[in-house]
Amino acid sequence: MALMLPPILIAVAGAFTLAFGSALQERDAVRAPGREVARAGFLLHLLRQPRWMVGSAAAVVGSVLHLVALSSAPLTIIQPIGVTGLLFAIVLSALFNRRGVGLSQIVAGTVVMVGLVGLISLFPHSSTAPVMTTGAALGLAAVTLGAGAAIHLTAHWMNSGARALLLALAGGTAMGTTSGLARVLAANAQEDWTSLLSWLTPLAVVTAVFGALLMQNAYRSGHFSAAYATLLVTDPVVGVGIGVLLLGEGVPESAPARFGALVFACLAVAGTIALAQARYRNPETTIRIPER
């Protein structure tokens with residue numbers, strides 16, 4: 001267990017840094033001109049915003065720390081640690097937008113954290129080097145990108161709360177897929193760096209960029225806490241699903257463990273729903289500059 005402490009600490013640092021970067025990105029995503037659900041060019045506008053770029057750099061550092069942790073520990077241990085970033089993100093977003101943090105948000109965020117940490121802790125932890133075939137990776141990426149594109153194309157017909165949740169759901173799925181691919185790349189690169197020269201690398205990049213587009217649009221809805229919570233629920237659940245179904249990392253074997261996993265999953269979902277129902281919405285969504 002002592003051997004797991006360094007990657008766990010690295011994962012916590014990554015969670016904070018990623019939350020910090022996401023909270024910085026929120027305001028520019030909300031204020032950017034364009035439709036309620038912006039197209040890919042939306043990212044080009046954001047690339048010219050200094051604060052968003054600082055947030056992106058922080059998010060990249062957080063992601064790198066996450067990958068470093070993944071290279072030394074199983075996906076089923078590292079993925080749920082990312083959920084600690086939820087409370088960081090709630091507090092940082094409130095600080096950057098000069099508003100107070102509601103007790104209900106803290107309680108709901110804590111419930112999500114407890115639910116996810118409990119859920120993933122019940123899964124067996126494998127130290128076996130993961131392997132994913134090219135066919136499985138291509139199929140996984142195709143499903144992720146196809147479902148995400150469908151949500152992106154239809155999200156403008158939804159109200160802001162539903163739009164935030166569904167875009168974050170699709171974005172979290174893309175990020176979870178990226179984590180699954182990165183887990184294989186990072187672990188295998190320790191043995192042979194040339195393993196990075198495979199189909200998995202461009203697939204991981206594509207799913208990561210697409211996930212970023214979806215998440216920025218989710219933040220753009222003005223419901224940052226709900227969007228970030230949905231990301232943090234979806235990302236580890238998808239990552240664990242990939243670990244179980246494609247990487248052979250196992251599932252809880254006993255009936256009590258499976259029941260406990262179900263209870264913790266319900267807690268995580270309930271906390272996310274509570275955050276989605278919060279009354280606060282970033283007021284700057286109402287003063288957005290229209291697209292020309």
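In this structure, the separation between CE on M53 and CD on Q25 is 9.5 Å, given to the nearest 0.5 Å. For the atom pair CZ (F16) and CG (L65), the distance works out to 12.0 Å, reported to the nearest 0.5 Å. Distance check, rounded to the nearest 0.5 Å: CD of Q49 to OG of S56 gives 10.5 Å. Distance check: M215 CE to L167 CG gives 8.5 Å after rounding to the nearest 0.5 Å. Between L166 atom CG and H152 atom NE2 the span is 13.0 Å, to the nearest 0.5 Å. A distance of 6.0 Å separates CG of L181 from CG of L140, quoted to the nearest 0.5 Å.
Residues L169 and L165 fail the side-chain proximity criterion, which asks for heavy atoms closer than 4.5 Å. When side chains are defined from C-beta on, L18 does not count as touching H66, because their heavy atoms never get closer than 4.5 Å. Between P7 and V68 the shortest side-chain heavy-atom distance does not fall below 4.5 Å. Proximity of W52 to L24: side-chain heavy atoms (C-beta onward) are nowhere separated by under 4.5 Å.
When the side chains of ILVMFWY residues are joined at heavy-atom separations under 4.5 Å, either directly or via intervening members, I90 and V114 end up in a single hydrophobic cluster. Residue I10 is not grouped with residue V12 when hydrophobic side chains (ILVMFWY) are merged at heavy-atom distances under 4.5 angstrom, including chains of intermediate members.
Using modelled atom types, no side-chain atom of D28 and backbone atom of L46 make a donor-acceptor pair closer than 3.5 Å. A donor-acceptor pair is defined here as one N or O able to donate and one able to accept, closer than 3.5 Å; no such pair exists between the side chain of E26 and the backbone of S22. Proximity of a side-chain donor or acceptor of N217 to a complementary backbone N or O of L213 within less than 3.5 Å is detected. For the pair T207 (side chain) and A204 (backbone), a donor-acceptor distance under 3.5 Å is present.
Within the structure, ring-ring contact (aromatic ring centres under 6.0 Å, His included) contacts touching residues 154-187 (residues at least two apart or in different chains) do not occur. Every pair tested for salt bridge (charged side-chain N to carboxylate O under 4.0 Å, His left out) that includes a residue from residues 140-157 fails, sequence neighbours excluded, so the list is empty.
L203 approaches A141 most closely through the heavy-atom pair CD2-CB, 3.8 Å. Of all non-hydrogen atoms in A15 and Y228, the two that sit nearest each other are O-OH, 4.5 Å. Considering all non-hydrogen atoms of both residues, A174 and G211 come closest at CB-CA, 3.6 Å. Taking every heavy atom of both residues into account, Y219 and A29 meet most closely at CB-CB, 4.3 Å. Across every non-hydrogen atom of A58 and F20, the tightest pair is CB-CD2, 3.9 Å. When every heavy atom of A170 is checked against every heavy atom of I151, the shortest pair comes out as CB-CD1, 3.8 Å.
Legend: residues meeting ring-ring contact (aromatic ring centres under 6.0 Å, His included) with F264, ordered by chain and number and at least two apart, are absent.
In summary, the side chains of T144 and T173 do not present any donor paired with an acceptor at a separation below 3.5 Å, with no hydrogens or angles considered.
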Intermediate values then yes/no, side chain to side chain contact (heavy atoms under 4.5 Å, CB included), V64 and V61: CA-CA 5 Å; V64 169; V61 171; 5.7 Å; no

